[in-house]
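First comes the structure, then the notes that go with it.
Residue numbering restarts at 1 for every chain, and letters A, B, ... go by the order of the sequence lines.
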Amino acid sequence: MTNEKPVEFSKEEWLLHLENLHIQRGDMNRLIMDYLVTEGFKEAAQKFKLESGIQPSVELDTLDERIKIRDAIQHGRIQEAIAMVNKLHPELLDTDHLLHFHLQQQHLIELIRLKNVEEALEFAQSHLAERGELDSDILHELERTLALLAFEDPENSPFGELLHPSQRQKVASELNASILETENRDSSPNLSNVLKLLLWAQNELDNKKIKYPKMTDFANGAIDAPSK
Amino acid sequence: MHMEVESNQCYINQLFSQDQVLSFEALVQLKNSVIGSNKQKSNVIIMGIVPRLMQLLLDGHTSVELLTEAAVVLGSLAKGSTVHIACLIDSDVPPVMIKGLAHPNQQFVEACLRCLRSVLMSPIAPVTLIYQDETVIPHLIHLLPRSFTTQETIANILAHCCRTMEHQMTLCSNGAIQALAPLLQTNNYKVQMPALKCCTAMCYQNPHVSLLVAEASFDGRYVSDSIVSLLSRDKPLEMQIAAAKCLTYMCRAGSVSPKEPCVVYKALPCLVCMCKKDKDPTTRIEGAETLAYLTEGDAELQRTAAASDHLISMLAEYLKYSHYRNTADVKKLEENERIRKDMVYAAFLAYASISANDEDIRKKIIETEGLMDTLVTCLANGSMKVCLASVRCLHSLSRSVQQLRTSFQDHSVWKPLMKLLYNSPEDILTAASSTLCNLLLEFSPSKEPIMESGAVEMLCSLTRRDNPALRLNGIWALMNMAFQAEQKVKSSILVALGTDQLFRLLADPDVNVLMKTLGLLRNLLTTKSVGHIDFIMGVHGKQIMQAIILILEGDHSPEVKEQALCILANVADGDAAKEFIMSNEDVLKKITSYMVHSNVKLQIAATFCISNLIWNEKEGAYERQLRLKELGVQKLLQQLLGTSDPVLFDKVKKALQQFS
């Protein structure tokens, strides 16, 4: 390695370089289709298929089950989602114990949300205590969830995030990924892998203390000028 | 808890309904209750669900939906604890699941397969079940390709139930290899792994099956190539190690040469990598054990392994491994102990294999800090498993002259080793007695104390064992003991062994035992001073001559006869002892006939014998020479001068020079 000064790019130069790179439109479309299929956006996938001509990797009807399941969770109907998963893949929840706990925990959260205290306690005792006994991390989670009951206004308590819709989303995604994995499909969309690769590359550059125009806002794809 | 039990009880009651629709609804609820909860599984079993489900499964009128749901629930119970599985086995569920495989409905068949697979993968699996009815295996193989579920479940079933050579042959003759080959190439980890494990189980110590696996191909690709590709570093660790293990078994069974690049440059380095400190203990243990097995008996592979990547120091880390640090938890400490034992076992096995043939490797290993201490401790206090591995390791190390003189002496290895010779199981006994043989070699400082602690009797008793390896070690150790030993030692050996036993050993079906017995005789009659020979012949001469004649007259290989002739040559080296030969016309005639034998080694031995008899510095030489001339010996010798063999020529010349 020669003792050269590392090349430094200004934001403009960087953007110019980027512009000269060509990504095939077909590749972009495939990434999008893959995302839609993996996440279960059936109608969007169907429309996109018509508009772009890209063939999805699976029959779109096979998405129906996953869509229904995600839907149930997103509306707080956890027991219903569990029953559907058990019908589709009876071994899944017997194998992925953490997922099963998260689903049970979500049901508990729903009961707490409805202020159904007695049923919530009974449910925690009969269904969740057994897991908590075996694993201290799970016990900790359980305690956090039950702590919600101690607050008048649980949504504004230190554990309030559990009542947030994003919690339902989290569980729905976890279940979706597990179903895909059981079916031997990629459980995360290629698009997220691409983003992870970008994150990793930027991290490597940061570790080597190299200055470069960094993408800090992924949602908008905004690139900042290199820091001084 | 109360509510759940109550509602489950309700559903169980409903399950007994004659109305199949009601039963089905109840069963679905019960299913959702038990999936994911071991507690509920226990509850419903107590409430009697299993017999009821069995009833439904065996009833010809049950609807296919209900049948399937029943199988699914049993499958969930089978995913519970070992206690749950035991319940299923006791209730005869597995045979009923097997019966279910004949049903036309794919969903039902798959539910049965999943249940069966979970039961047969448990530690209490009734592995012989699938072999009891000879239509089962062909049917399983027939079902195998149908779906991802059938592939995964059946491959797992076959992999876990393949335990004996008979099983291997049965699977093989039913086309298992051809059925598994495509599975190795699917891009599906859950299918590839059990397929790989099944191939591995089938190849274990089975040259016939291994060869078939090596030669099998699918879609233009050899199975062995598929296996090699599963070794690559981008595959999960478990898959790499499973593939390496498969190649190892194939190599040891002879269907893949140890010189093949896939072994030397792929499997071996993979296994070495598995021993690295950053891997979890299970991986490291399996890596070291498999490496030990792979390199056992092949000096090249041993050298390659030892030279890899600091293997020796990596294995040394195993000896100090502590999984949970800084803990006072009793359970964790017990776990620590258990894991450490397995790590030590694996490390010693690996050391034993790689140090079997190379002095430099042995040196490096012995220099490992704390190794000898650990070895000696394990000899005395280890579990059977660890003890065996320690002895094997010691055995390999004891092949080093230098080590015998230094480390082995410093640590008084012989003491715990001797203790092991009493009351040990055969495998430990075999390894310990082999090691002892080495410790009894002439230059070993341990020789004296061993002999003084009653080794002779113990070794003689070994020569009486059924196991030929033990007899061999016993007699070999005695042979080493007798080499250049004191008069009293030689006598004590002969007395302890007894001439009866000696004769028995000379008629031993194992030719190695025979050779070493002759070797013992030879050593007993080798001289520090001629007085030994005369003394021993004086007491046991008659029997010894009988033994030698027995060998010379018997149907034995030239090697054996050569030994016998060498013993005669030693007898001929004595003073008074010479008479034993000279007075025996039969023996003399035999010696002369061997002088003109087609095998030059026998000629040399016979000539050497003659040479000793006629040695003209000895008293009575003239008379003996006369006698032998009468028998035409001098003439024979002169004939032999024409030989092309330089050693023989030399001996003949020397002999002729003796004739005055």
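Of the two parts of B/V28, neither the backbone nor the side chain holds a non-hydrogen atom closer than 4.5 Å to a non-hydrogen atom of chain A. Heavy-atom distances place the backbone of B/N187, and not its side chain, under 4.5 Å from chain A. Using a 4.5 Å cut-off between heavy atoms, B/T149 does not touch chain A at all. Of the two parts of A/E133, neither the backbone nor the side chain holds a non-hydrogen atom closer than 4.5 Å to a non-hydrogen atom of chain B.
With hydrogens and angles ignored, the 3.5 Å screen pairs no side-chain donor or acceptor of B/S91 with any backbone N or O of B/V93. Looking at A/R66, its side chain does come within 3.5 Å of a backbone N or O of A/T38 through a donor-acceptor pair. At distances below 3.5 Å, not a single donor-acceptor pair connects side-chain atoms of B/T153 with backbone N or O atoms of B/R114.
If you tally non-hydrogen atom pairs under 4.5 Å between each of B/N32, B/V191, B/I35, B/N38 and chain A, the highest count goes to B/I35. Comparing B/S118, B/G80, B/S37 by how many heavy-atom pairs each has under 4.5 Å with chain A, the most go to B/S37. The greatest number of non-hydrogen atom pairs below 4.5 Å with chain B, out of A/D96, A/T95, A/N86, is found for A/N86.
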Do A/K170 and A/E161 pass the salt bridge (Lys or Arg N to Asp or Glu O under 4.0 Å) test, and can you show the C-alpha distance, the side-chain angles, and the key distance before you say yes or no? CA-CA 11 Å; A/K170 221 169 105 173; A/E161 65 190 3; over 6 Å; no
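Inter-residue side-chain proximity for A/L142 and A/R131 is flagged as unmet; no heavy-atom pair is nearer than 4.5 Å.
A side-chain donor-acceptor contact under 3.5 Å links A/E183 and A/H89.
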